[in-house]
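Input: a single structure, listed below in structure tokens.
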Amino acid sequence: MDPLAGPGGAAVTALLSRTGARVERLPLSRFTTLGVGGEAEVWFVESHEQLAEAMEQPYRILGGGSNLVIADEGVPERVIRLSGPLAERDLTPDPALSDDTWVVTGWVGGGVPLPGLIRQLQKLGLSGLEGTVGIPAQVGGAVWMNAGTRYGEMFDGLHTLEIVTPEGTRQVTPDDLNWGYRDSGIPRNHIVTRVRLRLRRAAPEEVLAKMDFADQARKGQPKMKTPGCAFKNPGGVSAGKLIDEAGLKGSRVGNALIAPEHANFIVNLGGASAADVHALLALIRDRVPVPMELEYELWPAPGNA
């Protein structure tokens with residue numbers, strides 16, 4: 001393993017924890033779709049035993065790195081990445097729970113990349129999650145925030161969730177959770193490690209057509225490094241439209257830009273800092289007359305060390 005520079009330029013090499021988890025100090029910008037974020041101690045966990053050890057100290061869970069803006073200073077907590085068996089999938093229908101119309105799959109790990117999963121479901125002729133096409137997330141994070149588009153969301157296709165908490169592991173169904181728009185109802189310090197999917201049987205061509213239809217809505221979105229939509233639509237009104245009407249489309253701070261293609265996206269022109277992004281978010285909140293809830297997660301949260 002190549003050594004990486006830690007604080008003060010000291011060389012840091014990957015270590016193994018007592019349960020065998022790989023631990024490295026790394027720049028978190030490597031793991032985010034925006035491409036910003038300072039260093040932290042990253043734990044690559046492959047089992048529930050390793051995860052329990054990682055959770056013995058203050059921690060954060062990092063999936064696909066979308067919808068996330070990490071401070072230039074990084075974060076002091078351990079950062080957990082699900083890997084190995086926790087990033088594998090079993091889409092075999094459970095014969096006890098499946099029939100001619102519906103399929104309940106085996107377990108899908110929280111570390112599985114969502115785009116690849118959606119493509120595999122299409123080839124298998126399993127319908128229900130087409131509305132999430134193109135979302136650059138991992139399954140665990142996508143479930144935790146109930147990621148989706150106007151054409152569907154993660155909870156459209158869930159049967160069972162395995163959630164690890166500081167107190168232990170439990171399995172729940174969507175009916176056990178108070179989920180809604182971009183919200184699973186799962187507390188912040190809980191980790192979605194695995195899920196079972198409940199999907200409708202369909203012709204692969206039908207599933208592909210639905211994916212293509214949903215993907216058309218993304219054609220006007222920027223292709224540069226971005227966390228995704230910055231703000232939730234307030235009261236059904238387009239946040240992008242409100243930002244555009246405030247005359248902010250194309251506004252720039254440092255190397256961060258409010259995208260000309262869609263005003264609810266902030267993009268990294270190359271070398272942007274988290275501070276640049278925060279300045280644009282503050283500008284939007286100052287100029288848009290309607291209160292809007294941030295869709296990005298900020299590490300650390302404002303006001304926290």
Side-chain angles (χ1 to χ4, degrees), residues 33-34 63-69 114 128-137 141-158 161 174-188 190 192 210-211 213-224 226-253 256-267 274 276-304:
T33 58
L34 178 61
S66 59
N67 242 58
L68 179 62
V69 181
L114 183 61
L129 289 177
E130 298 92 330
T132 66
V133 64
I135 296 175
V143 169
W144 185 83
M145 70 165 293
N146 192 20
T149 68
R150 73 186 75 172
Y151 301 109
E153 56 194 359
M154 288 302 298
F155 271 69
D156 292 337
L158 297 181
L161 299 79
D175 290 342
D176 298 320
L177 300 170
N178 185 27
W179 61 273
Y181 172 64
R182 302 299 175 268
D183 183 10
S184 66
I186 301 171
R188 181 169 296 276
H190 294 192
V192 179
K210 290 181 178 179
M211 288 171 59
F213 182 78
D215 197 42
Q216 286 300 314
R218 307 175 65 87
K219 296 303 181 185
Q221 296 178 2
K223 306 304 180 187
M224 304 179 71
T226 176
C229 289
F231 292 92
K232 298 179 181 180
N233 294 330
V237 179
S238 167
K241 184 173 184 290
L242 293 172
I243 299 168
D244 192 7
E245 289 175 347
L248 295 177
K249 184 182 283 187
S251 297
R252 176 174 176 173
V253 174
L257 176 76
I258 298 177
E261 301 93 335
H262 193 308
N264 200 23
F265 284 75
I266 294 177
V267 300
D276 296 337
V277 176
H278 281 276
L280 284 178
L281 294 173
L283 177 64
I284 292 169
R285 282 178 156 155
D286 181 60
R287 295 274 293 275
V288 174
V290 178
M292 296 192 298
E293 184 180 353
L294 192 65
E295 193 155 329
Y296 294 164
E297 185 174 357
L298 306 181
W299 285 11
N304 292 350

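Both backbone and side-chain heavy atoms feed into the values below; hydrogens, waters and symmetry mates do not.
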ask   = Where do Val133 and Lys210 land on the side-chain contact (heavy atoms from CB on, under 4.5 Å) test, with the steps shown first?
value = CA-CA 9 Å; Val133 64; Lys210 290 181 178 179; over 6 Å; no
For the residue pair [X] and [Y], what are the closest heavy atoms and their distance?
X	Y	answer
Ile258	Ala263	CG2-O, 3.3 Å
Pro222	Ala259	CG-CB, 3.8 Å
Glu297	Arg188	OE2-NH1, 2.6 Å
Thr33	Gly64	CG2-O, 4.0 Å
Pro234	Pro291	CB-O, 3.8 Å
Ile266	Ala256	CG2-CB, 4.3 Å

Okay, side chain of [X], backbone of [Y]: is any donor-acceptor separation there less than 3.5 Å?
X	Y	answer
Asn146	Gly180	yes
Ser184	Trp144	yes
Thr132	Met154	no
Thr149	Gly131	yes
Glu245	Ile243	no

Quick one: pull up [atom1] in [X] and [atom2] in [Y] and give me the separation to the nearest 0.5 Å.
X	Y	atom1	atom2	result
Tyr296	Leu34	OH	CG	7.0 Å
Met292	Lys232	CE	NZ	13.0 Å
Asn67	Leu298	CG	CG	10.0 Å
Leu248	Asn264	CG	CG	11.5 Å
Asp176	Leu161	CG	CG	9.0 Å

ask   = For Leu158, which of Val143, Leu177, Val192 qualifies under side chain to side chain contact (heavy atoms under 4.5 Å, CB included)?
value = Val143
Would you mind reporting whether [Y] and [X] have side-chain heavy atoms less than 4.5 Å apart?
X	Y	answer
Glu295	Met145	yes
Pro289	Leu242	no
Thr226	Gln221	no

query = Taking the six-membered ring for Trp, are Phe213 and Tyr151 parallel (under 30°), tilted (30 to 60°) or perpendicular (over 60°)?
reply = perpendicular
query = Is it true that Arg182 and Glu293 make a salt bridge, defined as a side-chain N closer than 4.0 Å to a carboxylate O?
reply = no
